[in-house]
Amino acid sequence: MQFDAAIAAQRSFQRAQDTGELGDDREAVIEAEATFSASAGSEATAAYLTLQEIGERHPDAAAFQEFLIYITWQQVVEETIPSHFLKGVELCDRYLQRWGCEDRVQVIQIRELRTSFRAGLGLKDDEPDEYAQDTIKGGD
């Protein structure tokens with residue numbers, strides 16, 4: 001990958017706070033993120049799951065959805081199991097369906113993570129990438 005997922009996660013997390021997209025869940029998210037970032041093992045996993053649950057309540061929170069994708073990659077690195085790769089693909093697909101045509105650094109990074117999550121499941125990107133096809137390129 002051409003970027004550090006942990007740094008990208010922190011940037012998206014800060015934007016999620018700055019934009020107010022978390023509403024009443026803001027404090028719970030801050031607390032869970034602090035636990036996730038400061039611990040390992042079952043405590044970090046529990047915080048990760050809490051963040052994912054909150055994310056389900058905020059499907060329109062772009063920065064927070066980016067954050068969830070980035071921390072899912074961190075979770076893959078910590079615990080390399082198929083369910084984390086599957087969750088990563090699911091989150092990436094949902095994000096790209098919603099915001100994939102925007103020309104942003106996050107979209108590029110999330111496409112790259114999607115490829116990595118799929119590779120972790122043994123899936124090749126031989127099929128046409130519908131997200132890349134939908135992106136407007138220079139001269140179009």
Side-chain angles (χ1 to χ4, degrees):
M1 286 190 301
Q2 302 296 318
F3 65 96
D4 183 322
I7 293 171
Q10 287 304 310
R11 288 180 180 150
S12 291
F13 184 67
Q14 187 61 54
R15 279 194 355 269
Q17 291 179 72
D18 292 348
T19 61
E21 65 184 24
L22 299 171
D24 293 340
D25 284 323
R26 184 176 185 276
E27 292 305 316
V29 166
I30 290 171
E31 183 178 320
E33 190 283 331
T35 301
F36 178 78
S37 293
S39 57
S42 61
E43 190 175 14
T45 299
Y48 168 79
L49 293 173
T50 297
L51 291 164
Q52 292 294 340
E53 288 172 15
I54 294 169
E56 292 297 322
R57 295 194 298 263
H58 297 278
D60 297 327
F64 190 61
Q65 294 300 317
E66 293 162 13
F67 168 74
L68 295 175
I69 293 166
Y70 296 133
I71 68 168
T72 298
W73 182 256
Q74 292 174 266
Q75 198 65 15
V76 161
V77 171
E78 178 72 26
E79 183 181 34
T80 308
I81 58 174
S83 63
H84 295 319
F85 287 100
L86 288 167
K87 185 64 172 180
V89 170
E90 173 193 331
L91 291 169
C92 288
D93 285 348
R94 185 173 23 181
Y95 182 90
L96 291 169
Q97 286 171 1
R98 176 77 188 262
W99 297 289
C101 292
E102 297 180 23
D103 186 21
R104 302 186 338 199
V105 170
Q106 288 79 20
V107 171
I108 294 165
Q109 291 176 175
I110 288 168
R111 283 189 181 134
E112 190 174 342
L113 280 173
R114 180 180 182 268
T115 299
S116 296
F117 286 129
R118 288 177 51 83
L121 293 168
L123 302 173
K124 303 293 180 216
D125 275 342
D126 295 335
E127 63 203 58
D129 184 345
E130 68 241 40
Y131 306 114
Q133 290 176 358
D134 290 341
T135 303
I136 296 173
K137 297 181 179 46
D140 284 354

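The salt bridge (Lys or Arg N to Asp or Glu O under 4.0 Å) analysis of residues 23-43, with sequence neighbours excluded, yields the pairs Asp25-Arg57. Here salt bridge (Lys or Arg N to Asp or Glu O under 4.0 Å) pairs that include residues 68-81, with residues two or more places apart or in two chains, number zero. Listed by first and then second residue, the ring pair (Phe, Tyr, Trp, His ring centres under 6.0 Å) pairs that reach into residues 29-52 are Tyr48-His84, sequence neighbours excluded.
In the hydrophobic clustering of ILVMFWY residues, with side-chain heavy atoms under 4.5 Å counting as a link, Leu91 and Val77 come out together. No continuous path of hydrophobic side-chain contacts links Leu86 to Ile81 [ILVMFWY only; heavy atoms under 4.5 Å].
Listed by chain and residue number, nothing satisfies the side-chain hydrogen bond (donor to acceptor under 3.5 Å, both in side chains) test with Arg11 (two or more places apart in sequence, or in another chain). Under the rule for a side-chain contact (heavy atoms from CB on, under 4.5 Å), the partners of Ala9 that lie at least two apart in sequence or sit in another chain are Phe67, Tyr70, Ile71, Gln74. Contacts of Glu90 classified as salt bridge (Lys or Arg N to Asp or Glu O under 4.0 Å), with partners at least two apart in sequence or in another chain: Lys87, Arg94.
Of the residues listed (Arg114, Gln106, Arg111), the one engaging Tyr95 in a side-chain contact (heavy atoms from CB on, under 4.5 Å) is Gln106, and it is the only one.
Taking each heavy atom of Gly100 and Val107 in turn, the nearest pair found is O-CG1, 3.5 Å. Minimum interatomic distance between Trp73 and Ala5 (heavy atoms only, all atoms of both residues): CD1-CB, 3.8 Å. For Arg98 against Pro59, the heavy-atom pair with the smallest separation is NH1-O, 4.2 Å. The minimum heavy-atom distance between Ala47 and Ala32, with the atom names listed, is CB-O, 3.4 Å. Here the closest heavy-atom approach between residue Gly55 and residue Leu68 is recorded as CA-CD1, 3.5 Å.
Considering only heavy atoms from C-beta on, Phe3 comes within 4.5 Å of Leu113 through its side chain. With contacts defined as side-chain heavy-atom distances shorter than 4.5 Å, the pair Phe13/Val29 qualifies. No side-chain heavy atom of Gln75 sits less than 4.5 Å from a side-chain heavy atom of Gln52.
Between the side chain of Glu21 and the main chain of Phe64, a donor-acceptor pair closer than 3.5 Å is present.
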(request) Using the side-chain contact (heavy atoms from CB on, under 4.5 Å) rule, take Ile69 and Phe117 through it: C-alpha gap first, then chi angles, then the decisive distance, then the call. (result) CA-CA 10 Å; Ile69 293 166; Phe117 286 129; 4.3 Å; yes

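Between atom CD1 of residue Ile54 and atom CG of residue Leu49 there is a gap of 11.5 Å, rounded to the nearest 0.5 Å. Within the model, atoms OG of Ser83 and CG of Leu121 stand 10.0 Å from one another, a figure rounded to the nearest 0.5 Å.
No side-chain N or O of Gln65 forms a donor-acceptor pair with one of Ser12 less than 3.5 Å apart.
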